[in-house]
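Data block below; observations after.
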Amino acid sequence: MSSFSENTTNQHPDRTHTCGELSEFHLGEQVVLKGWVDTRRDLGGVIFIDLRDRYGLTQIVFSPQDNPAAHEFADRLRSEYVISITGTVSLRSEETVNPILATGKIEVRVTSLLILAESEPPPFSISSHTQKAKLASEDLRLKYRYLDLRRPDLRNKMILRHQVYQVIHRYFDAEGFLEVETPTLMKSTPEGARDYLVPSRVHPGSFYALPQSPQTYKQLLMIGGLDKYVQIVKCFRDEDLRADRQPEFTQIDVEMAFATEEAIYSLTEGLMAMLWEEVLGVTIPTPFPRLTYQDAIWKYGSDKPDLRFDLPICNLSSTFENSGFRVFDQALSAGGSVLGLVIPGFGDKGRGYMDRLDKTVVRKQIGAGGLIHVRIPSDGTPPNCSVKAHVLPDEFVTGAIQSSGADTGDLLLVLCGKWPTVQEQMGTLRLHMARELGSIDERAWTFAWITEFPLLQWDEREKRYSAMHHPFTSPRTEDLELLQHDPAHVRARAYDIVLNGMEIGGGSIRIHDKNVQKQMFDALGIPKKESEERFGFLLNALRYGAPPHGGIAMGLDRIVMLLSRSTSLRDVIAFPKTQSAQEPMSGTPSTVERDRLQELNIQSIPKSE
RNA sequence: GGUCCGGUAGUUCAGUUUGGUUAGAAUGCUGGCCUGUCACGCCAGAGGUCGCGGGUUCGAGUCCCGUCCGGACCGCCA
């Protein structure tokens, strides 16, 4: 075999090892490694290369003593060249051991080098040694995603994601679940998020929709007697993006016949425990604590409360009744609330701090009307309320301090407004203050179930009720009679699973009685004809012995994001989309030929203005 | 649809507050030297549509208007 050459033939020796596995146990062995040039240290007489593949880094050495021709040829090597080398594993002298590298005790002395592919200088540094602070912009890295994927950081997240898939398959198989695929081209349902539509060539003017979730299909699988269903499935929602929202995302979709809430809870808890155990080696306590929707909103101002810290919201509505302060009186007489939040140790904050908090945080970021605060100095001097005593008498301020439990040296923040807006605003403020206090334990894993969601919510724009979860969610039996005359107070058999303040899944026990399903459509204001047209197949199915059933859908991307401590979904998806739903590498979406539109019987109308 | 932040060598950034000579640094790149480095080191060199368009001005990276791209958030997301 020639000791050095260009890649002129189809032949190159088989890889014997990866760049992550060689150690002192392989001393003296002749090995073949393949990989990318990570870094090159050319000392003139001797050349060191860190060779990189999926498994790690190995230092390889080109020295004239081992093979003069290979050493001379190695002069050509540059970053990201793909090479194949043959060499001998040798021990490094004690003072040249690299303790940072898994393979740092050894190096491979190269006797033969083959360049499999050259590389232009990459547009950004992708070396394993690149510091986080010097990372190229995400924009650029997305454009060259295949280069970004070579970085250990991103690659390890893909590996972690793979591990998550494997645990899911094993767990549900052991629990007796069947993996069933549901259609990707399905019927559009106007309820809920905007659909991605696919025009039908065969049926001019008709469209398929990509699934927002396989909801109806998995219910039909239960009616079909498959008993336990699971699928790792892509879902699509044409809504604006966030750090934790992509237009296409992956759900762990689960449905069980004869399920109760308790069955779903323990099944889900078992999966989470296994994931955390096998992926992170962390034991998480089960069962998870439960919180009703009402309690979550009132105490934490969110239906996905971050429970890694306490900092509860207190209701000061009764304390401030008839206070004479117009802002409070107006809010209360309109059926709203006055809420307080105690920030321990912030009672000595200055005027400037309070002004900034009010202006930039409360008004600008949170969008609340304005912040009222009471500072209780730590030196024992009287409390200092931002509303003067002739407008809000002292007795009410004292009362608020007492009922909120604020102490000397604390700061009491007060917001007022209508339900649930003010609760949610206070919830955002709670999160902000927790970050300022530094009271969020970044290493904690705090799971919780949120239960007893309302079945319906009033849609101000449409002037009708809409389903909070989806139209197939079962009301609680004891609330069923309210559906006619007090729909807002009907509680659903719906639940969300929350981790560290992020919703990672949600589900419900479904309606399996066709009369209840019809009542539900009535409550949603969907005319009989329309419900027949849209969901007739489901209503039909409910006529033929539908078992009680229920399930859950978990956001796989979000779970992987949390497991890998990423701050964006984009970091755990191989080819994600940007905030404007584009994919910068391939330039998706793009226009198509006029012919192809014609074939589909559709026309593109230019956007006006 | 809205609010806010950003866009300057290949890359990461400074320079914009207060307009003024030839737009800097680090890193990468190219060439040279170097036999134990490990983000090697030393010397030299090349490298710029200051996102784009318009305006104000004697003069714009800097001020104004518009626009595009990226990001965070609000609306939206059953």
Side-chain angles (χ1 to χ4, degrees), chain A residues 38-50 57-66 71 78-79 92-101 103-104 107 109 120-144 189-195 212-213 215 235-247 249 360-361 363-368 421 424-425 428 432 453-457 459-462 465-473 492 494 503 506 508 520 524 526 553 555 567-568 570 577-580 582 584 609:
Chain A
D38 189 85
T39 39
R40 173 182 68 119
R41 293 178 290 279
D42 182 354
L43 274 63
V46 59
I47 298 172
F48 297 97
I49 300 277
D50 285 340
L57 286 181
T58 299
Q59 172 165 284
I60 62 176
V61 193
F62 294 89
S63 112
Q65 284 85 33
D66 299 323
H71 172 257
R78 293 292 183 274
S79 289
R92 298 200 199 182
S93 68
E94 201 150 314
E95 62 277 12
T96 60
V97 163
N98 185 345
I100 300 162
L101 231 52
T103 59
E107 62 192 7
R109 308 190 69 91
E120 292 178 21
F124 55 90
S125 167
I126 54 190
S127 158
S128 299
H129 302 289
T130 305
Q131 305 288 313
K132 198 146 204 169
K134 284 199 167 179
L135 256 188
S137 70
E138 193 181 6
D139 191 16
L140 188 74
R141 288 186 289 120
L142 283 175
K143 196 168 171 186
Y144 297 91
T189 57
E191 291 288 314
R194 215 171 281 123
D195 283 326
Q212 296 176 31
S213 89
Q215 183 58 40
C235 300
F236 306 84
R237 291 178 192 175
D238 186 6
E239 296 292 348
D240 287 350
L241 282 74
R242 290 285 188 282
D244 61 354
R245 259 160 48 188
Q246 282 274 308
F249 58 100
T360 66
V361 179
R363 289 172 198 265
K364 233 173 185 168
Q365 290 175 29
I366 300 178
T421 313
E424 283 163 8
Q425 289 167 344
T428 311
H432 176 89
F453 274 83
L455 185 69
L456 305 163
Q457 60 192 351
D459 186 328
E460 194 51 50
R461 265 194 335 199
E462 302 260 327
Y465 282 100
S466 66
M468 193 148 177
H469 187 53
H470 57 56
F472 318 109
T473 302
E503 181 200 326
S508 63
M520 181 68 179
L524 292 170
I526 303 173
T567 51
S568 162
R570 295 185 295 275
K577 294 193 169 46
T578 65
Q579 199 162 62
S580 57
Q582 289 168 308
E609 315 292 292

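Remember, it's a predicted structure, so these values are computed and weren't measured experimentally. Naming convention: chains lettered A, B, ... in sequence-line order (proteins, then strands); numbering from 1 in each chain.
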In whole angstrom, give me the gap between the P atoms of B:U3 and B:G54. 26 Å

Say we look at B:A26 and B:C73: how far apart would their P atoms be, to the nearest angstrom? 36 Å

Sticking with atom C1', work out how far B:U57 lies from B:G19, rounded to a whole angstrom. 9 Å

Between A:Arg245 and A:Glu239, is the closest basic N to carboxylate O distance under 4.0 Å? no

For a quick test of reading the model: is some side-chain N or O of A:Thr578 closer than 4.0 Å to OP1 or OP2 of B:G70? yes

What contact category does A:Pro64 fall into here, base, sugar-phosphate, or nothing, at under 4.0 angstrom with non-hydrogen atoms? base

Counting only N and O atoms by type, is there a donor-acceptor contact under 3.5 Å from the side chain of A:Gln246 to the main-chain atoms of A:Arg570? no

Phosphate-side-chain proximity, A:Ser580 and B:G70, N/O vs OP1/OP2 below 4.0 Å: yes

Pairing check on B:C33: which nucleotide meets the Watson-Crick or G-U wobble criteria with it, both distances under 3.5 Å? B:G41

Please confirm whether the backbone N or O of A:Gln212 pairs with a side-chain atom of A:Asp195, one donor and one acceptor, at under 3.5 Å? no

Distance between P atoms of B:G24 and B:C40 (Å, rounded): 29 Å

Under the side chain to side chain contact (heavy atoms under 4.5 Å, CB included) rule, what do A:Met520 and A:Leu455 come out as? Steps first, then yes or no, please. CA-CA 10 Å; A:Met520 181 68 179; A:Leu455 185 69; 3.6 Å; yes

If you measure from the C1' atom in B:C50 to the same atom in B:U62, how many Å do you get, rounded? 10 Å

Given the C1' atoms of B:C34 and B:C13, what is the spacing between them in whole Å? 32 Å

If you look at every strand shown and take non-hydrogen atoms under 4.0 Å, does A:Arg109 touch a base, only sugar-phosphate, or nothing? base

Testing A:Arg40, A:Arg41, A:Glu107 one by one against A:Ile49 for a side-chain contact (heavy atoms from CB on, under 4.5 Å), which residue passes? A:Arg40

In whole Å, I'd like the distance from the CD1 atom of A:Ile49 to the C1' atom of B:G36. 14 Å

Has A:Ser137 got a side-chain N or O lying under 4.0 Å from the OP1 or OP2 atom of B:G6? no

Determine which nucleotide pairs with B:A23, using a 3.5 Å limit on both distances of a Watson-Crick or G-U wobble pair. none

Rounded distance in Å between the C1' positions of B:G20 and B:A60: 10 Å

Using Watson-Crick or G-U wobble geometry with both distances under 3.5 Å, which nucleotide pairs with B:A9? none

With C1' as the reference atom in both, quote the distance from B:U22 to B:U35 in angstrom, rounded to an integer. 43 Å

All N/O contacts under 3.5 Å from nucleotides 38-42 of chain B to the protein, with atom names and distances to one decimal?
unit_1	atom_1	unit_2	atom_2	d
B:C38	O4'	A:Arg41	NE	2.9
B:C38	O2'	A:Arg41	NH1	3.4
B:C38	O2	A:Gln59	OE1	3.4
B:C38	O2	A:Asn98	ND2	3.1
B:C38	N3	A:Arg92	NH1	2.7
B:C38	N4	A:Thr96	O	2.2
B:C40	OP2	A:Arg41	NH1	2.5
B:C40	N4	A:Asp42	O	2.6

Treating A:His71 as the side-chain partner and A:Asp66 as the backbone partner, does any N or O pair qualify as donor plus acceptor under 3.5 Å? no

Centroid distance under 5.5 Å and plane angle under 30°, A:Phe124 vs B:U11: no

Could you pull out all residues at least two apart from A:Ser125 that satisfy side-chain hydrogen bond (donor to acceptor under 3.5 Å, both in side chains)? A:Thr130

Ignoring hydrogens and geometry beyond distance, is a side-chain donor-acceptor pair present between A:Asp38 and A:Ser128 at under 3.5 Å? yes

Looking at A:Thr103, A:Asp50, A:Leu101, which one forms a side-chain contact (heavy atoms from CB on, under 4.5 Å) with A:Thr58? A:Thr103

Which letter, B, S or -, goes with each nucleotide of nucleotides 73-78 of chain B from 5' to 3', with contact meaning a protein heavy atom under 4.0 Å? SBBBBB

Tell whether A:Glu107 reaches the base of B:G36 with its side chain through a donor-acceptor pair below 3.5 angstrom. yes

